[in-house]
Student: 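Sending over a structure as structure tokens; questions will come in a sec.
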Amino acid sequence: MGTTVTHAPAMEGLSQDSEPRHGPVKPERPAALKRRRRRENLAGYLFMSPWIAGFLLLTAGPMIASLYYAFTDYNLFDAPQWIGFDNFSEMFGDPRWRHSVQVTLWYVAVGTPLKLIAALGVALLLAQSRRGQAFYRAAFYAPSLIGASVSVAIVWKAIFSDDAIVDRTQKIFGIDVGGWTGDPDLIIYSLVALTVWQFGAPMVIFLAGLKQVPRELYEAAEVDGAGTFRRFWNITLPMISPVLFFNVLLETIHSFQIFSSAYIVGGGAGGNACGPADGSMVYTCYLYVQGFENSRMGLASAMAWLLLVAVALVTAVLFWSQKRWVHYEEGAR
């Protein structure tokens, strides 16, 4: 007995191109679309309003005011008087200002490379798998979190003062130069030691870059007989050059802005606010002295804007130089 197969009748009115039962979706009218977008933009601006208010009141407003004060004689108590470029001409003729520029440039040129070398060296050690690696990373990174605080600067000053730990250690090896913070020629070295001690942040960035270097490159270099130094120079440095450029840029800008450690280690408020015989007279410290101790806010504003221009020029030079030594994956230099 044969089996009869019955097919369900095709459903009428349904096809791939058929419209839904409720009909085609009508496009939104231009006026309604504009109102909806206006409401969405308004909601976005409301959420951004705290940041916008903070930027205008705490950043943009003070910057514009300081640019005006840079061309005035202003002491925080009397109305500012327009004097044109007199603040800048006085600045260039001030021997203490020139000394602060020299100290700052020396600090940047010495402290920044030493800090990056220490960060890269420790990152190379931590890039290797070993027991307790997480603990060592946290321990080396911790100084970057607390190094810029006033309390650490006070402790640092005590460590490098007369008859303290550093002074007693020196005497064990027959070096009797006294405390570093009391010597105009040595106090700047204590600031360099403090910034090198805070190598944790660039170390973490270097470590992230080292993790991205393909292991196949090292294996191929070992097969070709390349030693440790050749592998580091020809593989590691070119591969992490973008990370190196990033760290150089950030640490250079940060070094130009040093203030709290130089002010506290140097002695704080008083006649030797920036160290004995201006030994730790970095640029921002002298700016603070002129603005808040001498009440010459107009001159301090001129110094601040000149520092901004100098940092911008150094940043531009670094970006220009990266074409020669920074290697990216797509081959751009």
Side-chain angles (χ1 to χ4, degrees), residues 41 44-94 96-105 107-108 111-112 147-150 153 191 195 201 245-264 266 268-269 273-274 280-320:
N41 292 336
Y45 284 122
L46 287 177
F47 280 110
M48 292 175 60
S49 60
W51 181 89
I52 295 175
F55 174 76
L56 295 177
L57 298 177
L58 302 179
T59 303
M63 286 184 64
I64 296 174
S66 68
L67 181 60
Y68 168 72
Y69 292 145
F71 299 93
T72 64
D73 182 11
Y74 181 48
N75 60 6
L76 290 176
F77 303 103
D78 301 325
Q81 299 180 357
W82 184 268
I83 59 175
F85 290 91
D86 289 353
N87 284 327
F88 295 93
S89 60
E90 178 184 352
M91 186 194 316
F92 296 142
D94 185 1
R96 293 190 74 189
W97 178 85
R98 293 196 296 268
H99 176 70
S100 68
V101 173
Q102 294 175 0
V103 173
T104 303
L105 291 177
Y107 175 83
V108 173
T112 301
S149 63
V150 175
L191 298 179
T195 191
F245 170 74
F246 180 78
N247 273 334
V248 169
L249 182 64
L250 287 188
E251 295 303 325
T252 301
I253 296 175
H254 178 73
S255 296
F256 273 106
Q257 298 174 341
I258 175 180
F259 170 71
S260 60
S261 58
Y263 184 74
I264 298 300
C274 298
S280 60
M281 176 72 81
V282 293
Y283 193 93
T284 53
C285 191
Y286 190 48
L287 187 155
Y288 175 86
V289 169
Q290 291 286 14
F292 293 94
E293 293 190 3
N294 299 339
S295 297
R296 303 198 60 186
M297 192 57 65
L299 180 59
S301 298
M303 292 178 61
W305 275 96
L306 189 62
L307 177 63
L308 176 63
V309 173
V311 172
L313 290 177
V314 172
T315 303
V317 171
L318 288 175
F319 271 100
W320 171 81

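All residue numbers in this chain count up from 1 along the given sequence.
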Student: Among Gln290, Met303, Arg98, find the one that has a side chain to side chain contact (heavy atoms under 4.5 Å, CB included) with Met91.
Tutor: Met303
Student: Just say parallel, tilted or perpendicular for the rings of Trp51 and Phe55, cut-offs at 30° and 60°.
Tutor: parallel
Student: When the ring centroid of Tyr283 is compared with that of Phe259, is the distance short of 6.0 Å?
Tutor: no
Student: Got Met297 and Phe292 here, is their nearest side-chain heavy-atom distance under 4.5 Å?
Tutor: yes
Student: For Val108 and Ser255, which heavy atoms make the closest approach, and how far apart are they?
Tutor: CG2-CB, 3.7 Å
Student: Do Thr284 and Tyr263 have side chains that approach each other closer than 4.5 Å (heavy atoms only, starting at C-beta)?
Tutor: no
Student: Locate the shortest heavy-atom distance separating Ala153 from Ser261; write the atom from each residue and the value.
Tutor: CB-CA, 4.2 Å
Student: What pair of heavy atoms forms the shortest contact from Tyr69 to Pro80, and how long is it?
Tutor: CE2-CG, 3.9 Å
Student: Taking Thr72 for the side chain and Gln81 for the main chain, is one N or O donor matched with an acceptor at less than 3.5 Å?
Tutor: no
Student: For the side chain of Asn87 and the backbone of Ala70, is there at least one donor-acceptor N/O pair under 3.5 Å apart?
Tutor: yes
Student: Which atom names give the shortest non-hydrogen contact between Ala262 and Ser280, and what distance separates them?
Tutor: O-OG, 3.7 Å
Student: Please confirm whether the ring centroid of Tyr107 lies under 6.0 Å from the ring centroid of Phe256.
Tutor: no
Student: Within the 4.5 Å heavy-atom criterion, are Tyr286 and Val103 side-chain neighbours or not?
Tutor: no
Student: Quick one: are Val248 and Thr112 in side-chain contact, heavy atoms under 4.5 Å?
Tutor: no
